[in-house]
Amino acid sequence: MLQEVLGAALAAGAAGLVYLGAAARVVKQYERGVVLRLGRLRGDAREPGFTLVVPAVDRMHKVNMQIVTMPVPAQEGITRDNVTVRVDAVVYFRVVDATAAVINVEDYRFAVSQMAQTSLRSIIGKSELDDLLSNREKLNEGLELMIDSPAVGWGVQIDRVEIKDVSLPESMKRSMARQAEADRERRARIINADAELQASKKLAEAAEQMSDQPAALQLRLLQTVVAVAAEKNSTLVLPFPVELLRFLEKAQQQTTVPAAPPVSPSAPPAPPAPPAPQRTLPDGEPQPPAAQPHPPAPRHKPPAASTELDR
């Protein structure tokens with residue numbers, strides 16, 4: 001009799017251990033457990049730690065609550081200014097409602113991935129190339145808002161969306177390089193022109209100071225001669241006064257321009273020629289004056305050879 005009792009107790013203990021092993025579940029710290037009993041939701045999500053379920057009746061779905069990093073495949077599209085680009089991004093999200101992530105959507109990871117790709121293509125079509133290259137913060141905010149709007153019903157919160165890379169065609173890269181080079185050349189020319197303007201102002205001030213003190217110009221000339229002579233070269237500097245050159249130029253102009261013949265103020269003016277008498281025709285009509293012969297054209301004499309050439 002005692003043996004039967006002991007056998008029954010051992011059998012019950014073994015059955016209890018088997019049931020406990022089948023019903024025991026462990027939920028990790030970064031997980032939540034959603035229990036479905038015969039296909040229906042059973043209460044709230046189970047907290048981390050040890051928990052029990054009914055074997056063959058309850059089914060527990062564990063949901064990871066950590067932040068998930070999901071790369072978005074590169075999407076090719078045409079921008080608003082008709083430029084073909086390839087853009088890829090990365091999405092950071094996490095589950096905030098484990099029950100909604102299990103009940104409301106079949107696979108929340110796949111749903112977020114597809115929504116991110118669709119939103120990325122929409123952002124490419126609405127933006128210009130300059131915005132994709134230089135104004136990414138605003139595009140990231142718009143992309144995050146587009147993905148987060150439907151994800152709220154899935155129990156998913158989008159923490160951050162970042163555009164990783166923008167791939168351009170080779171022809172567009174060369175065009176942008178030429179544009180940047182032209183812009184740099186323009187700025188360099190503006191800087192050089194500004195420097196020339198400042199230098200001209202300083203030179204004008206220096207010339208004004210030297211005009212007050214003529215000896216300063218002579219000292220500057222001597223400094224230039226010393227600077228040229230300091231180098232080992234065959235340059236010969238001969239100071240020549242500018243006033244002498246101006247004097248010679250004026251003398252040459254006076255010799256090349258011939259003087260006009262003098263007009264005597266006491267000579268009386270020549271009297272006008274008397275008009276020719278008109279002949280009358282038999283009918284009484286005046287005869288037209290005879291045509292005066294044209295004077296012969298003056299003959300151009302060949303210039304006399306200069307005595308310098310003869311010599």
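Scope of the values below: all heavy atoms of this structure, side chains included, with no hydrogens, waters or symmetry mates. Predicted model only: the values in this text are computed from it and were never measured.
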S.K.: Rounded to the nearest 0.5 Å, what's the gap from CG on Leu139 to NZ on Lys126? Could you check?
M.R.: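 Leu139 atom CG to Lys126 atom NZ measures 11.5 Å (nearest 0.5 Å).
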S.K.: Salt bridge (charged side-chain N to carboxylate O under 4.0 Å, His left out) with Arg86: which residues, sequence neighbours excluded?
M.R.: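 Applying salt bridge (charged side-chain N to carboxylate O under 4.0 Å, His left out) to Arg86 gives Glu76.
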S.K.: Taking CG in Leu219 as the centre, count heavy atoms belonging to other residues, nucleotides or ligands within less than 6.0 Å. Is the count above 12?
M.R.: yes
S.K.: Is it true that the side chains of Thr51 and Arg25 contain a donor and an acceptor less than 3.5 Å apart?
M.R.: no
S.K.: Just one of Asp148, Ile158, Leu120 clears the side-chain contact (heavy atoms from CB on, under 4.5 Å) bar with Leu143, so which one?
M.R.: Leu120
S.K.: Could you tell me whether the side chain of Val90 reaches within less than 4.5 Å of the side chain of Val161, counting heavy atoms only?
M.R.: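 Heavy-atom side-chain distance check fails, nothing below 4.5 Å.
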S.K.: With side chains defined as the heavy atoms from C-beta onward, is the minimum distance between Ser113 and Gln117 less than 4.5 Å?
M.R.: yes
S.K.: Is atom CD of Gln223 surrounded by more than 12 heavy atoms (other residues, nucleotides or ligands) closer than 6.0 Å?
M.R.: yes
S.K.: Looking at side-chain heavy atoms only, is the closest gap between Val85 and Ser167 below 4.5 Å?
M.R.: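 Val85 vs Ser167: side chains apart.
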S.K.: Less than 4.5 Å apart, any side-chain heavy atom of Val102 and any of Val34?
M.R.: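 Yes; the side chains approach each other to less than 4.5 Å.
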S.K.: Could you check whether any side-chain heavy atom of Ile147 comes within less than 4.5 Å of a side-chain heavy atom of Val91, counting everything from C-beta outward?
M.R.: yes
S.K.: May I ask you to test the Ile123-Met146 pair for a side-chain heavy-atom distance under 4.5 Å?
M.R.: yes
S.K.: Under a 3.5 Å distance rule, please check whether Asp81 uses its side chain to pair with a backbone N or O of Glu128 as donor and acceptor.
M.R.: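 No, the answer is negative, given that no donor and acceptor are paired below the 3.5 Å cut-off.
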S.K.: Just to verify, what does Glu196 make a salt bridge (charged side-chain N to carboxylate O under 4.0 Å, His left out) with, not counting sequence neighbours?
M.R.: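 Scan of Glu196 (salt bridge (charged side-chain N to carboxylate O under 4.0 Å, His left out), adjacent residues dropped) gives none.
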S.K.: Name the atoms and distances for all side-chain donor-acceptor pairs under 3.5 Å in residues 178-185, with sequence neighbours left out.
M.R.:
residue	atom	partner	partner atom	Å
Arg178	NH2	Ser175	OG	3.4
Asp183	OD1	Arg186	NE	3.4
Asp183	OD1	Arg186	NH2	2.6

S.K.: Evaluate the side-chain proximity of Met65 to Glu31: yes if any heavy-atom separation is below 4.5 Å, no if none is.
M.R.: no
S.K.: Which residue pairs pass the side-chain hydrogen bond (donor to acceptor under 3.5 Å, both in side chains) test with at least one member in residues 132-146, sequence neighbours excluded?
M.R.: Asn140-Glu162
S.K.: Determine whether more than 12 heavy atoms belonging to other residues, nucleotides or ligands lie under 6.0 Å from atom CZ of Phe110.
M.R.: no
S.K.: Can you name the salt bridge (charged side-chain N to carboxylate O under 4.0 Å, His left out) partners of Asp159, sequence neighbours left out?
M.R.: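 Partners of Asp159 by the salt bridge (charged side-chain N to carboxylate O under 4.0 Å, His left out) criterion, ordered by chain and then number, come out as Arg94.
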S.K.: Supply the atom-to-atom distance Thr69 OG1 to Phe93 CZ, rounded to the nearest 0.5 angstrom.
M.R.: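 It comes to 8.5 Å.
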S.K.: Would you indicate whether the side-chain heavy atoms of Met176 and Leu168 approach each other to under 4.5 Å?
M.R.: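 Result yes, sub-4.5 Å side-chain heavy-atom pair found.
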S.K.: How long is the gap from OG1 on Thr84 to CD1 on Ile78, to the nearest 0.5 Å?
M.R.: 4.5 Å
S.K.: From Ile124 CD1 over to Gln75 CD, what is the distance, rounded to the nearest 0.5 angstrom?
M.R.: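 Interatomic distance, Ile124 CD1 to Gln75 CD, rounded to 0.5 Å: 7.0 Å.
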S.K.: Tell me every residue that passes side-chain hydrogen bond (donor to acceptor under 3.5 Å, both in side chains) with Asp58, counting only those two or more places apart in sequence or in another chain.
M.R.: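 Arg37.
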S.K.: Around atom CD of Gln66, are there more than 12 heavy atoms from other residues, nucleotides or ligands closer than 6.0 Å?
M.R.: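 Atom CD in Gln66 is packed in, count exceeds 12.
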